Amino acid sequence: MNHSAGTIAMRGLVLSFSSQHAKIKCEDGQIRFCTIKGKRIRALDGWYNALAAGDYVAVQPISGTEGVIESLLPRKNVFGRYNEKGGADQAFAANIDMVVCVTSTKTPPFRPRFVDRVSVLAEQCGAPFSVVCNKIDLGLSDLIEERLAVFERLGFRTFRSSAASGLGIDELREALIGKTSVFVGQSGAGKSSLINCLIPGATQRTGEVSEKYDRGRHTTTLATMLFSESGDLSIIDTPGLRRLAVRNIGPNDLVAYFPDMVPFLGLCEFGASCTHTHESGCAVRRAVHDGRICHDRYESYLRIRAELEDTRQWKRTEAGKPQKAARYRFEDEEW
């Protein structure tokens with residue numbers, strides 16, 4: 001189909017993107033299914049995908065339902081994860097105001113180190129971070145409450161909710177009003193069910209958790225932006241994750257992404273060269289020993305740092321060959 005003569009490109013908001021095709025809400029109010037014009041838009045800074053939900057683009061309308069994406073407009077920020085299969089960072093959401101990590105008390109079990117990883121990615125994105133502990137109708141143990149208290153002391157806002165009973169939904173909705181939020185979580189934690197509570201009519205597909213593996217079935221297949229009828233809520237739902245690799249942070253820079261460790265930087269005996277892993281006179285390790293830093297959070301730091309060191313070493317020793325990151329089974333991590 002040919003372009004209409006004299007048609008002027010307009011601004012559009014990407015609602016979802018996959019395989020060079022995007023669903024876009026254009027400024028004239030029309031929803032158009034668009035393709036990228038030629039090769040003018042490419043993945044930025046090594047990103048696996050060229051566009052993400054929440055991106056703003058210039059669209060050349062072809063009809064009331066079709067268009068061509070001519071350019072990507074500047075991003076405020078971008079949130080994503082490392083795509084192990086593609087060997088590059090994958091953008092899930094752009095231009096966001098809040099990162100919301102949805103976890104659950106049971107089925108799947110609460111994984112605080114998964115939350116720690118999402119918090120690192122939120123720091124990397126530069127967006128405020130919140131934690132939603134869903135399925136509280138199944139019980140909320142003292143151990144989970146203790147870990148949520150650690151997040152609260154770090155300045156991360158926490159919510160306790162149940163999509164099944166409606167508990168905590170109003171408080172969560174109030175916190176999301178007027179913001180563009182991205183929901184991230186393990187498969188089966190209930191992201192889509194929560195969104196169905198927050199945005200009636202969103203009709204996000206939900207699935208039962210696999211009883212055999214106690215994990216979700218990956219019902220959401222791509223990041224999708226959803227709006228409430230009044231327009232006061234804007235939520236980007238993302239695919240359920242089983243693994244969450246952190247990359248593109250220097251091992252020595254990782255500590256800066258842990259706000260509980262930042263106050264102790266520069267106080268170590270070995271100064272900026274301290275890795276905070278084994279050195280005597282390390283202020284961070286001393287703070288962990290004294291209980292000023294949660295030991296489990298420190299364990300997350302050690303694990304992520306070890307992965308960063310391993311992948312960096314792999315790239316250095318295999319220079320010139322196709323790069324492929326090691327695979328880690330984060331879903332099997334215990335307390």
Side-chain angles (χ1 to χ4, degrees), residues 44-48 52-54 75-83 88-103 111-133 147-159 175-176 179-186 223 236 238 241 243-266 272 274-277 283-284 287-288 292-309 311-312 325 328 330 333:
L44 300 181
D45 300 323
W47 288 95
Y48 176 74
R75 288 167 162 168
K76 176 176 72 174
N77 56 28
V78 60
F79 177 88
R81 59 97 182 246
Y82 185 78
N83 185 302
D89 284 321
Q90 178 181 6
F92 281 148
N95 304 310
I96 58 173
D97 303 307
M98 182 186 298
V99 176
V100 180
C101 182
V102 179
T103 185
R111 299 293 195 202
R113 294 197 188 115
F114 179 90
V115 181
D116 289 338
R117 290 173 181 273
V118 180
S119 75
V120 169
L121 297 179
E123 288 282 335
Q124 197 173 31
C125 171
F129 181 64
S130 295
V131 182
V132 176
C133 188
R147 196 60 155 84
L148 292 176
V150 170
F151 293 135
E152 290 168 353
R153 289 196 294 271
L154 294 174
F156 303 153
R157 190 167 180 184
T158 64
F159 302 87
L176 300 175
K179 299 181 177 69
T180 296
S181 306
V182 57
F183 276 38
V184 186
Q186 290 178 287
I236 298 174
T238 62
L241 303 174
R243 285 182 288 269
L244 190 56
V246 176
R247 300 290 184 270
N248 294 336
I249 297 175
N252 292 333
D253 298 326
L254 177 63
V255 67
Y257 294 83
F258 282 77
D260 35 354
M261 300 181 189
V262 170
F264 303 98
L265 299 185
C274 186
T275 67
H276 318 296
T277 60
V284 170
V288 175
R292 288 176 289 170
I293 294 175
C294 173
H295 184 276
D296 200 49
R297 286 270 299 172
Y298 178 64
E299 180 66 24
S300 289
Y301 166 80
L302 293 178
R303 293 187 182 207
I304 297 172
R305 184 184 173 99
E307 293 165 24
L308 293 172
E309 290 281 9
T311 52
R312 187 178 67 168
Y328 297 88
F330 303 136
E333 288 188 350

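Note that this is a predicted model, so its numbers are computed, not measured. Side-chain atoms are counted along with the backbone in the values below, which use heavy atoms only and exclude waters and symmetry mates.
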Chemist: For F258, check ring-ring contact (aromatic ring centres under 6.0 Å, His included) against everything at least two apart and list the hits.
Modeler: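 Expected list: Y301.
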Chemist: Donor-acceptor pair, distance only, cut-off 3.5 Å: does the side chain of T180 make one with the backbone of D97?
Modeler: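 No, T180 side chain to D97 backbone: no donor-acceptor pair under 3.5 Å.
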Chemist: Applying side-chain contact (heavy atoms from CB on, under 4.5 Å), run through E307 and V246 and close with a yes or a no.
Modeler: CA-CA 8 Å; E307 293 165 24; V246 176; 5.5 Å; no
Chemist: Going by the rule ring-ring contact (aromatic ring centres under 6.0 Å, His included), which residues pair with F264 if we only count those two or more places apart in sequence or in a different chain?
Modeler: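 Listed in chain order: nothing, the list is empty.
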Chemist: One pair to check against side-chain contact (heavy atoms from CB on, under 4.5 Å): R303 and R117. What are the steps and the verdict?
Modeler: CA-CA 10 Å; R303 293 187 182 207; R117 290 173 181 273; 4.3 Å; yes
Chemist: Does this structure show an ion pair linking R113 with D296, if we count only N-O contacts that are shorter than 4.0 Å?
Modeler: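 Yes, this pair counts.
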Chemist: I'd like to check V132 versus F183 (side-chain heavy atoms, cut-off strictly below 4.5 Å). Are they in contact?
Modeler: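 With C-beta onward as the side chain, the pair stays apart.
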Chemist: For F156 and F151, take the angle between the two ring planes, folded into 0 to 90°, and tell me which bin it lands in: parallel under 30, tilted 30 to 60, perpendicular over 60.
Modeler: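 Tilted, since the angle between the ring planes falls between 30° and 60°.
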Chemist: Report yes if some heavy atom in the side chain of L154 is under 4.5 Å from a heavy atom in the side chain of R297; otherwise report no.
Modeler: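 The answer is yes; the side chains approach within 4.5 Å.
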Chemist: For E123, what residues pass the salt bridge (Lys or Arg N to Asp or Glu O under 4.0 Å) criterion, not counting sequence neighbours?
Modeler: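 Scan of E123 (salt bridge (Lys or Arg N to Asp or Glu O under 4.0 Å), adjacent residues dropped) gives none.
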Chemist: To the nearest 0.5 Å, how far apart are CG in L254 and CD1 in I304?
Modeler: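 The distance works out to 5.5 Å.
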Chemist: Can you measure from CD1 (I249) to CG (L121) and round to the nearest 0.5 angstrom?
Modeler: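 So the gap between those two atoms works out to 7.0 Å.
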